[in-house]
Amino acid sequence: SLVCKKWNRIISGLRLLNSTKFRECFQNGQIYWRSFQNKLSPSQRHSHSSIVIKNTMYVFGGLSATNTSYNDLWLLNLNNKEWSRANSTGTYPTPKAAASLVAYKRDKFLLYGGYSHPYSYPFNQQVNFFDELHIYCTKTNIWTQLLFTQDAPKLAGHSASIINENQMLLFGGCNGSLGNKTNNIYCLNLITNEWIYGLNTNENGNNNNCIHNAENYRKIDGFKPEPR
């Protein structure tokens, strides 16, 4: 047991040293990019969604250079830097971009909202905004869609956080059109699937509050939700 305790102290010291060096390099701007070549990797895209869970980064959807929407899910192993495409089943999300991804419980994440460009014909079609919510289980690789009994906000480019373990908080983004920015706050009870709507602005219509990671910031000043 003494040997185990000694190794534990050594490893803990190395972790602290590496963490301290990383913070110093980041603050001093001494960060360098490295390129890893893979035979299998996602196609070129932008406006995709991504999240890191344990040692894996998940990348969903996005748009091609010609505004084609994707709904594929890719995994990047952060240990060996190798890509793989998820062998998923269940109810797939609609192909889209700018959706939010947020970790939920131990082995799940939530995908909400997003938008897609219309087909080139017929002309003058509007961009599609979505109010879909999907849960993905990283253990079973199954997509599950949650359905609502009331209207849900159609958002893209918003931020999302989990608070109080079973509430998803959405802030900002665009709704209805790419130029229609909003600073609304929406909260979804993930147990009852009920939405709480609220608007957090001052008299000038500017938002003074910031939603941080739920672990660091759980209070939102001035937010008075109104169920509807």
Side-chain angles (χ1 to χ4, degrees), residues 42-53 57-74 86 88 91-104 108-120 122-136 143-148 150-163 167-190 193-201 205-207 209-214 220 223 225 228:
S43 59
Q44 294 185 2
R45 63 190 64 195
H46 65 90
S47 301
H48 49 276
S49 308
S50 63
I51 190 172
V52 174
I53 298 179
M57 180 174 72
Y58 296 82
V59 176
F60 170 83
L63 296 173
S64 69
T66 57
N67 289 330
T68 298
S69 303
Y70 299 111
N71 68 342
D72 50 352
L73 182 66
W74 288 83
S88 307
T91 305
Y92 274 73
T94 302
K96 55 188 174 181
S100 61
L101 272 183
V102 62
Y104 180 54
K108 298 179 177 67
F109 59 76
L110 305 179
L111 177 75
Y112 185 80
Y115 80 97
S116 66
H117 285 275
Y119 295 106
S120 58
F123 302 108
N124 300 323
Q125 296 184 82
Q126 293 184 347
V127 173
N128 298 314
F129 279 74
F130 299 100
D131 57 2
E132 297 176 340
L133 174 63
H134 286 80
I135 298 179
Y136 186 81
W143 284 107
T144 304
Q145 183 177 6
L146 296 184
L147 302 177
F148 311 120
Q150 61 190 129
D151 292 338
K154 295 184 177 182
L155 297 173
H158 53 282
S159 62
S161 298
I162 298 294
I163 62 173
Q167 290 180 312
M168 182 176 69
L169 202 65
L170 306 179
F171 170 76
C174 298
N175 59 352
S177 68
L178 294 179
N180 188 20
K181 299 177 182 179
T182 178
N183 61 355
N184 283 355
I185 296 174
Y186 305 94
C187 183
L188 174 65
N189 187 316
L190 294 169
N193 288 354
E194 293 180 347
W195 285 94
I196 299 174
Y197 290 75
L199 180 64
N200 190 17
T201 60
N206 299 319
N207 192 294
N209 301 315
C210 181
I211 301 175
H212 298 275
N213 185 291
I220 305 174
F223 177 49
R228 76 179 190 185

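Side-chain atoms are counted along with the backbone in the values below, which use heavy atoms only and exclude waters and symmetry mates.
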* L169 versus I185: any side-chain heavy-atom pair under 4.5 Å? -> yes

* Asked: If you look at every heavy atom in T182 and C174, which pair is closest and at what distance?
  -> CG2-N, 4.5 Å

* **Spacing of CG belonging to D72 relative to OG belonging to S43, to within rounding of 0.5 Å** => 6.0 Å

* Structure fact -> What one should report as the nearest heavy-atom pair of S49 and L111 is OG-CD1, 4.4 Å

* Asked: For P93, does its backbone N or O pair with a side-chain atom of N71 as donor and acceptor, under 3.5 Å?
  -> yes

* Where does the angle between the aromatic ring planes of Y58 and F109 fall among parallel (under 30°), tilted (30 to 60°) and perpendicular (over 60°)? -> tilted

* What's the shortest heavy-atom distance between K108 and I53, and which atoms? -> O-CD1, 4.0 Å

* Backbone of K154 reached by a side-chain donor or acceptor of N175 within 3.5 Å -> no

* To do: Measure the OH-CG distance between Y136 and L101 for me, rounded to the nearest 0.5 Å.
  => 11.5 Å

* **CA sep, side-chain torsions, deciding dist, call: Y112, D131, side chain to side chain contact (heavy atoms under 4.5 Å, CB included)** => CA-CA 7 Å; Y112 185 80; D131 57 2; 3.7 Å; yes

* Separation of M57 CE from I51 CD1 (nearest 0.5 Å) -> 11.5 Å

* Asked: Can you name the side chain to side chain contact (heavy atoms under 4.5 Å, CB included) partners of H48, sequence neighbours left out?
  -> R45, V59

* Derivation of the side chain to side chain contact (heavy atoms under 4.5 Å, CB included) call for L155 and F171 -> CA-CA 9 Å; L155 297 173; F171 170 76; over 6 Å; no

* Asked: Yes or no on side chain to side chain contact (heavy atoms under 4.5 Å, CB included) for I135 and L146, after CA distance, side-chain angles and deciding distance?
  -> CA-CA 8 Å; I135 298 179; L146 296 184; 3.6 Å; yes

* Asked: Could you give the distance from CE (M168) to CD1 (I163), rounded to the nearest 0.5 Å?
  -> 11.0 Å

* Can L110 and L190 be said to form a side chain to side chain contact (heavy atoms under 4.5 Å, CB included), step by step? -> CA-CA 10 Å; L110 305 179; L190 294 169; 3.8 Å; yes

* Work out which heavy atom in Q150 is nearest to a heavy atom in W195; give both atom names and the distance. => OE1-N, 2.8 Å

* Heavy-atom closest contact (T94 atom, F60 atom, distance) -> O-CZ, 4.1 Å

* Structure fact -> dist H117:NE2 -> N67:CG (nearest 0.5 Å) comes out at 4.0 Å

* **Minimum heavy-atom distance between V102 and A160, given as atom pair plus value** => CG2-O, 4.0 Å

* Any donor-acceptor pair under 3.5 Å from K96 side chain to G61 backbone -> no

* Working to the nearest 0.5 Å, report the span between CG of L147 and CD of E132. => 9.5 Å

